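Bear in mind that the values here come from a model prediction, so they are computed numbers and not experimental data. Because only heavy atoms are used, hydrogens play no part in the values below, and waters and symmetry mates are left out as well, while side chains stay in.
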Amino acid sequence: MARDRRVVVIGAGIGGLTAAALLAKAGLDVTILEAHIYPGGCAGTFYHQSYRFDAGATLAAGFEPSGGMMRLGEALGIAWPVDPAEVALAVRLPDGIVVTRWTDAERWRQERLEKFGPVAESFWRWQERTADALWSLALNGASWPPQGGRELARLGGAGVRMSAGAPASLPGLALDALRPVAAHLRGAPQNLSRYVDGQLLISAQATSDAANALYGAAALDMPRRGVAHVRGGMGTIATLLMEAVRQQGGRVHLRQRVTSVQTAPNGYIVITDKGMTAPADHVIFNLPPWDAATLLGDAAPTALGRAHLPADGWGAFMTYVGLEENAATTTAPLHQQTLLAEPPGEGNSLFLSLSLADDPGRAPAGHRALTISTHTQLGPWWELFEHDRDAYEARKTQYLERLLNGAAHTLPGVRASLKLALPGTPVSFQRFTHRSRGWVGGFPQTRLDRAWAPGLGRGLWLVGDSIFPGQSVLATALGGRRVAAAIIASAPREIRRTEYTTRRDSSTISPMSSESGALREHSK
């Protein structure tokens, strides 16, 4: 086999699956090694007592006709089982006012005029104008930070197209690269700042006083980017990508936890806990950088070896709830955020996501699956878990009650309809995702240089929420596409010719034709 054809992907998250599917389609020899029994990682869906719960990520975007996920589906022959959302989410502010984030532009304009007043319109004009420019760059293939002449040229070319067609001014974009979102909120109504802070904490892991203005504008734009409800749960996206890898000739091995990556004369050897060895010319880590460094050991590039978990990074406390369907009306928004107090961090911001009422794949007849999450610091959980298990369990119960009580603000019948409440802490996330200390959500986007560039060294690559454009299914898929393009560009010429073309004889992958052995096995 020619050199540069063998690719091993460590972790079946959305970024790794996207890169693997595109590389397999291009003719490379692709193997995915995943420790868990189903794909998706933090965007997976797990089975428990007849319910299927979204493990972490619950809001899907990029499904508008020309959106990033639709483009990916077209390239891979995937028919996504999604229902476009009329309401992206509803946000309950601390004073009880509810802001409905319509996906329709005119309805959203009327909503924000009613809730924030005309004085706030200058902020939203800036946000949408800036986001349009940045999404244009991302969807035209621009990469940040650029690595090598090819990516620099692509960034320049996309920038020229953006400046010719987008209303945002280049001087304004340059200034926003150095200041926070709060620079555009001076004199704004208090409720606007509260709303923006709540949204940025979810999408940028930082509030307006710290979130970079460029990243923040794009993050606030997610509801305009084809929000949709995924039938079967978010894990369906990962399952269909996994089947696309297999259909294109790639291999996916579940229950194979990678324990080390060793250098070899002609590349690398990836070793699992079950003794499996996989030779590779390229290794893609669908992991945080410090976890990739641990697997490489002394072979880790110098910069990677210095990587460490950021002090301002977040974990999540989750509550997975099974409830009778009368807890919510069929017209209630499926995604709701409740801001209990200020600041929105550490339990003051709750995000609720209900399964579709007519999705039998998520809950038994007459029931719904609900995921509730809140940001939490990692340190206190681990301190108690390692030194005082009774206090750890007591804290877990305290947080569980807080989330259920908070959920009652938007779902008053949640307590009476409750059938199951399963808590999850950062300790749980480490156990099931193998992310150190249960760190989730990516870097707080306080400046543009926080994201890692994906090229770590010769044949070593990083995907996931640690590289630009960061967290979310759409963002990690775009990052995976970037890594696939870079590997294809370095591959033999016959491979490069096939980049992102669609095989005429390829069949369409759909939920009906896709058979996930992982999900079947987990449901037994």
Side-chain angles (χ1 to χ4, degrees), residues 35-38 41-42 44-58 201-202 205 257 259 273 287-288 290-291 294 308-323 327 337-353 369-411 413-441 444 522:
H36 215 339
I37 61 176
Y38 57 80
C42 291
T45 300
F46 69 93
Y47 181 88
H48 185 76
Q49 293 188 16
S50 301
Y51 296 90
R52 292 191 187 277
F53 296 109
D54 287 338
T58 58
L201 185 63
I202 294 171
Q205 304 300 310
R257 181 174 63 86
T259 55
D273 60 343
L287 299 167
W290 39 88
D291 292 330
T294 298
H308 59 86
L309 197 153
D312 59 347
W314 289 102
F317 183 89
M318 311 292 298
T319 300
Y320 306 104
V321 180
L323 71 172
Q337 184 182 26
T338 297
L339 301 176
L340 300 174
E342 296 180 87
E346 199 58 55
N348 287 335
S349 169
L350 310 184
F351 197 83
L352 292 73
S353 291
L370 169 67
T371 298
I372 314 172
S373 64
T374 190
H375 286 70
T376 189
Q377 294 181 348
L378 300 171
W381 290 103
W382 284 99
E383 177 69 22
L384 294 178
F385 180 76
E386 293 170 346
H387 301 290
D388 191 340
R389 289 293 180 90
D390 289 340
Y392 170 81
E393 293 297 332
R395 192 172 201 252
K396 189 161 63 172
T397 299
Q398 175 191 356
Y399 269 62
L400 173 63
E401 290 300 309
R402 181 174 177 81
L403 264 64
L404 290 175
N405 289 338
H409 286 290
T410 52
L411 294 174
V414 66
R415 286 282 191 180
S417 303
L418 188 71
K419 294 298 180 184
L420 166 71
L422 178 69
T425 74
V427 178
S428 311
F429 266 90
Q430 176 175 281
R431 183 182 306 124
F432 290 105
T433 68
H434 298 283
R435 295 168 65 103
S436 292
R437 314 301 275 183
W439 180 74
V440 295
H522 196 40

Side chain to side chain donor-acceptor pair (under 3.5 Å) with [X]: which residues, sequence neighbours excluded?
{"X": "H409", "value": "none"}
{"X": "R257", "value": "none"}
{"X": "N405", "value": "R415"}
{"X": "S417", "value": "N326"}

Indicate the atoms forming the closest heavy-atom contact of [X] with [Y], along with that distance.
{"X": "R435", "Y": "G441", "value": "NH2-N, 4.3 Å"}
{"X": "C42", "Y": "T433", "value": "SG-CG2, 4.1 Å"}
{"X": "M318", "Y": "A55", "value": "CE-O, 3.4 Å"}
{"X": "W314", "Y": "L201", "value": "NE1-CD1, 4.1 Å"}
{"X": "L340", "Y": "G347", "value": "CD1-O, 3.8 Å"}
{"X": "P426", "Y": "L378", "value": "CB-CD2, 3.6 Å"}

Next item on the list: Assess whether side-chain contact (heavy atoms from CB on, under 4.5 Å) is satisfied between F351 and I372, documenting all intermediate values.
Entry: CA-CA 6 Å; F351 197 83; I372 314 172; over 6 Å; no
Notebook entry, point to check: Side chains of S436 and D291: donor-acceptor distance under 3.5 Å anywhere?
Noted result: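 The answer is yes; a qualifying pair exists.
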Next item on the list: Give a yes-or-no answer on whether the side chains of T45 and D54 include a donor-acceptor pair shorter than 3.5 Å.
Entry: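 There is such a pair (donor and acceptor under 3.5 Å, judged by atom type) between the side chains of T45 and D54.
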Notebook entry, point to check: Can you name the residues that form a side-chain contact (heavy atoms from CB on, under 4.5 Å) with Y392, not counting sequence neighbours?
Noted result: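 With sequence neighbours excluded, Y392 shows a side-chain contact (heavy atoms from CB on, under 4.5 Å) to W381, L384, F385, K396, T425, V427, given in chain and number order.
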Notebook entry, point to check: In chain order, what residues pass the side-chain contact (heavy atoms from CB on, under 4.5 Å) check against P310, with sequence neighbours excluded?
Noted result: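 Result, side-chain contact (heavy atoms from CB on, under 4.5 Å) vs P310: W290, D312, W439, F443, R450.
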Atom [atom1] of [X] and atom [atom2] of [Y]: how far apart are they, to the nearest 0.5 Å?
{"X": "Y51", "Y": "T371", "atom1": "OH", "atom2": "OG1", "result": "12.5 Å"}
{"X": "F317", "Y": "L403", "atom1": "CZ", "atom2": "CG", "result": "6.0 Å"}
{"X": "T319", "Y": "L400", "atom1": "OG1", "atom2": "CG", "result": "5.0 Å"}
{"X": "L411", "Y": "L370", "atom1": "CG", "atom2": "CG", "result": "6.5 Å"}

Notebook entry, point to check: Which residues pass the ring-ring contact (aromatic ring centres under 6.0 Å, His included) test with H434, sequence neighbours left out?
Noted result: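 So H434 forms no ring-ring contact (aromatic ring centres under 6.0 Å, His included) with any residue.
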Item checked: Those residues that, when tested against Y320, pass ring-ring contact (aromatic ring centres under 6.0 Å, His included) (two or more places apart) ->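 With sequence neighbours excluded, Y320 shows a ring-ring contact (aromatic ring centres under 6.0 Å, His included) to F46, F53, given in chain and number order.
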Check: Are L420 and V321 close enough that some pair of their side-chain heavy atoms sits under 4.5 Å apart?
Finding: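 No - every pair of side-chain heavy atoms lies 4.5 Å or more apart.
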Margin query: So L352 and T338, do their side chains get closer than 4.5 Å, heavy atoms only?
Written below: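 Yes; the side chains approach each other to less than 4.5 Å.
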Next item on the list: With sequence neighbours excluded, give me every side-chain hydrogen bond (donor to acceptor under 3.5 Å, both in side chains) pair touching residues 340-353.
Entry: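 Output for this query lists T58-S353, R194-E342, H335-S353, Q337-S349, E346-T376, E346-Y399, N348-R402.
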Next item on the list: Only counting residues at least two apart or in another chain, list the ones meeting salt bridge (Lys or Arg N to Asp or Glu O under 4.0 Å) with R431.
Entry: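 Once residues adjacent in sequence are excluded, R431 has no partner under the salt bridge (Lys or Arg N to Asp or Glu O under 4.0 Å) criterion.
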Next item on the list: Sequence neighbours left out, what pairs pass salt bridge (charged side-chain N to carboxylate O under 4.0 Å, His left out) with at least one residue falling in residues 372-388?
Entry: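 For residues 372-388: E386-R437.
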